[in-house]
Number of protein chains: 2
Amino acid sequence: MAQSNPPFMSGVPELLLLRLLNDREMYGYELVRSIREVTSEAISLGEGVIYPVLHSLERNGSLKSRRKPVGGRTRVYYSVTRKGRERLEKLQNDWQRIQTGITSALESPGNA
Amino acid sequence: MAQSNPPFMSGVPELLLLRLLNDREMYGYELVRSIREVTSEAISLGEGVIYPVLHSLERNGSLKSRRKPVGGRTRVYYSVTRKGRERLEKLQNDWQRIQTGITSALESPGNA
DNA sequence: ATTATATACCTAGCTGTTCAAGGTATCGAT
DNA sequence: ATCGATACCTTGAACAGCTAGGTATATAAT
């Protein structure tokens, strides 16, 4: 037994990936750099994080992929499915909630 | 080797505890409920999370505790040390950074 | 009396996320 | 021919957080 819920603040990599891919299709290596850029270096997720998440998102039908040869190399481009868009919306709401929660917790003291 | 940096979004429980205790001393059980309240139920950390964090914060000198008997039971009140205040400041900055990073990542697309 | 609920402390053990560190292969530049 | 960048991937370990327990006292209900 003892089935564990995911840690309360996980799912952020997933959120970022879905958010970026919702604009346009991208490939893994590109996403790694892109996340660094759009977060102004605040968040840096390595390939060891990105690839597994992409694979699991594809497995559960949130993403679909197509292989595209580019100059000898092959890129795997991912794009968001309808299910992925639903997932994105949920994650965005979750994030909004906890973000707001923490912000209000950090605000000044018992000054009701 | 392979010494690992802490996961990029951890330390939030720590942050919340230090932040609350910076206003006034509190005891563990009280903090559990308090975190739920101040975050409008967005974040709910059980005793299994809170107590170990309190202990480790005390061990590294960020918190000090005093036992206080209240009607037969004994409460352990924690308060923030100078070192804890420094730690709080650091964690607040960290949080601010990643919070800002994610927010900007979630904003609209390539509309430069 | 006894059961139940709330308070108040704590720990052990699992598991999922994330991390570092590898490995493969192609390409362009030196 | 070697190097760095691109591009894909996986393995193994570390660690934070979760569930689920356990102890004990006080109070309220049965």
Side-chain angles (χ1 to χ4, degrees), chain A residues 1-17 25-37 39 42-60 63 65-78 91 94-95 98 102, chain B residues 1-17 25-37 39 42-60 63 65-78 91 94-95 98 102:
Chain A
M1 308 300 129
Q3 67 108 45
S4 214
N5 286 334
F8 76 107
M9 276 192 75
S10 65
V12 170
E14 202 183 332
L15 169 59
L16 294 173
L17 289 178
E25 68 172 7
M26 287 180 156
Y27 56 98
Y29 196 77
E30 185 184 12
L31 285 158
V32 170
R33 282 170 301 157
S34 192
I35 287 178
R36 251 194 301 262
E37 279 170 34
T39 63
I43 296 171
S44 182
L45 301 173
E47 301 170 43
V49 175
I50 296 306
Y51 286 116
V53 176
L54 287 173
H55 298 158
S56 97
L57 283 172
E58 183 171 26
R59 248 180 284 125
N60 75 27
L63 295 179
S65 68
R66 65 188 186 96
R67 332 189 95 257
K68 194 177 169 188
V70 178
R73 288 189 223 80
T74 299
R75 294 177 181 166
V76 185
Y77 278 87
Y78 292 90
L91 287 175
D94 290 355
W95 170 252
I98 75 132
I102 294 180
Chain B
M1 306 292 131
Q3 65 107 45
S4 217
N5 286 333
F8 76 109
M9 276 190 76
S10 65
V12 171
E14 201 183 331
L15 168 59
L16 294 174
L17 289 178
E25 69 172 5
M26 287 182 165
Y27 56 99
Y29 197 76
E30 184 184 12
L31 284 158
V32 170
R33 284 171 297 160
S34 191
I35 286 178
R36 253 195 300 263
E37 280 171 32
T39 63
I43 295 170
S44 183
L45 300 174
E47 300 168 44
V49 175
I50 297 305
Y51 286 115
V53 176
L54 286 173
H55 298 160
S56 97
L57 283 173
E58 184 172 24
R59 246 180 287 125
N60 74 27
L63 296 180
S65 69
R66 64 186 186 100
R67 332 189 96 259
K68 193 178 170 187
V70 178
R73 287 189 225 78
T74 299
R75 295 176 180 166
V76 184
Y77 278 87
Y78 293 89
L91 288 175
D94 290 354
W95 170 252
I98 77 130
I102 295 180

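Note on naming: letters A, B, ... go to the chains in the order of the sequence lines (proteins, then strands), and numbering restarts at 1 for each one.
Rounding to the nearest 0.5 angstrom, the gap separating the OG atom in A:Ser10 from the CG atom in A:Leu15 is 11.0 Å. In this structure, CD1 on A:Ile98 lies 5.0 Å from CE on B:Met9, to the nearest 0.5 angstrom.
The CD atom of A:Glu14 sits 13 Å away from the C1' atom of C:dG16 (whole-angstrom rounding). Whole-Å rounding puts the A:Leu45 CG to C:dT18 C1' distance at 9 Å. Atoms CD1 (A:Ile50) and C1' (C:dA21) sit 17 Å apart, rounded to a whole Å. Following rounding to the nearest Å, B:Leu91 (CG) and D:dA16 (C1') show an atom-to-atom distance of 14 Å. Distance, A:Arg75 CZ to C:dT26 P: 16 Å, rounded to whole Å. The interatomic distance linking A:Lys68 (NZ) with D:dT6 (P) rounds to 18 Å, in whole Å. Between the C1' atom of D:dA7 and the OH atom of A:Tyr78 lies a distance of 11 Å, rounded to the nearest Å. With rounding to whole Å, A:Met26 atom CE is found 15 Å from D:dT6 atom P.
Candidate nucleotides C:dC19, D:dC8, C:dC10 were compared by shortest atom distance to the side chain of A:Tyr51, and D:dC8 ranks first. The side chain of B:Tyr27 lies closest to C:dC9 when the candidates are C:dC9, C:dT7, C:dC19. Comparing C:dT17, C:dC10, C:dC19 by their closest approach to the side chain of A:Ser10 singles out C:dT17. Relative to the side chain of B:Asn5, the nucleotides C:dT7, C:dA20, D:dA7 differ in distance, and C:dA20 lies closest. Set against D:dG17, C:dC19, C:dC10, the side chain of A:Phe8 has D:dG17 as its closest nucleotide.
Taking the nucleotide of DNA chain D with the nearest heavy atom to each of A:Pro7 and A:Leu54, the more 5' of the two is matched to A:Leu54. In this structure, A:Ser44 and A:Glu47 both approach DNA chain C, and ranking their closest nucleotides by distance from the 5' end singles out A:Ser44. Comparing B:Arg73 and B:Pro52 along DNA chain C, the residue whose closest nucleotide (by nearest heavy atom) sits nearer the 5' end is B:Arg73. With the nearest nucleotide of DNA chain D identified for both A:Val76 and B:Gly48, A:Val76 has the one nearer the 5' end.
Here the closest non-hydrogen pair linking A:Pro13 and B:Phe8 is CD-CZ, 3.9 Å.
Note on B:Arg33: only backbone sugar-phosphate atoms sit closer than 4.0 angstrom, heavy atoms only; bases stay farther off.
Side-chain contact between A:Leu31 and A:Leu45 is absent, with no heavy-atom pair separated by less than 4.5 Å.
Between A:Tyr29 and D:dC8 there is no side-chain N or O to OP1 or OP2 distance below 4.0 Å. Not one side-chain nitrogen or oxygen of B:His55 sits closer than 4.0 Å to the OP1 or OP2 atom of C:dC9.
For B:Arg75 and B:Glu30, the salt-bridge test fails: no basic side-chain N is under 4.0 Å from an acidic carboxylate O.
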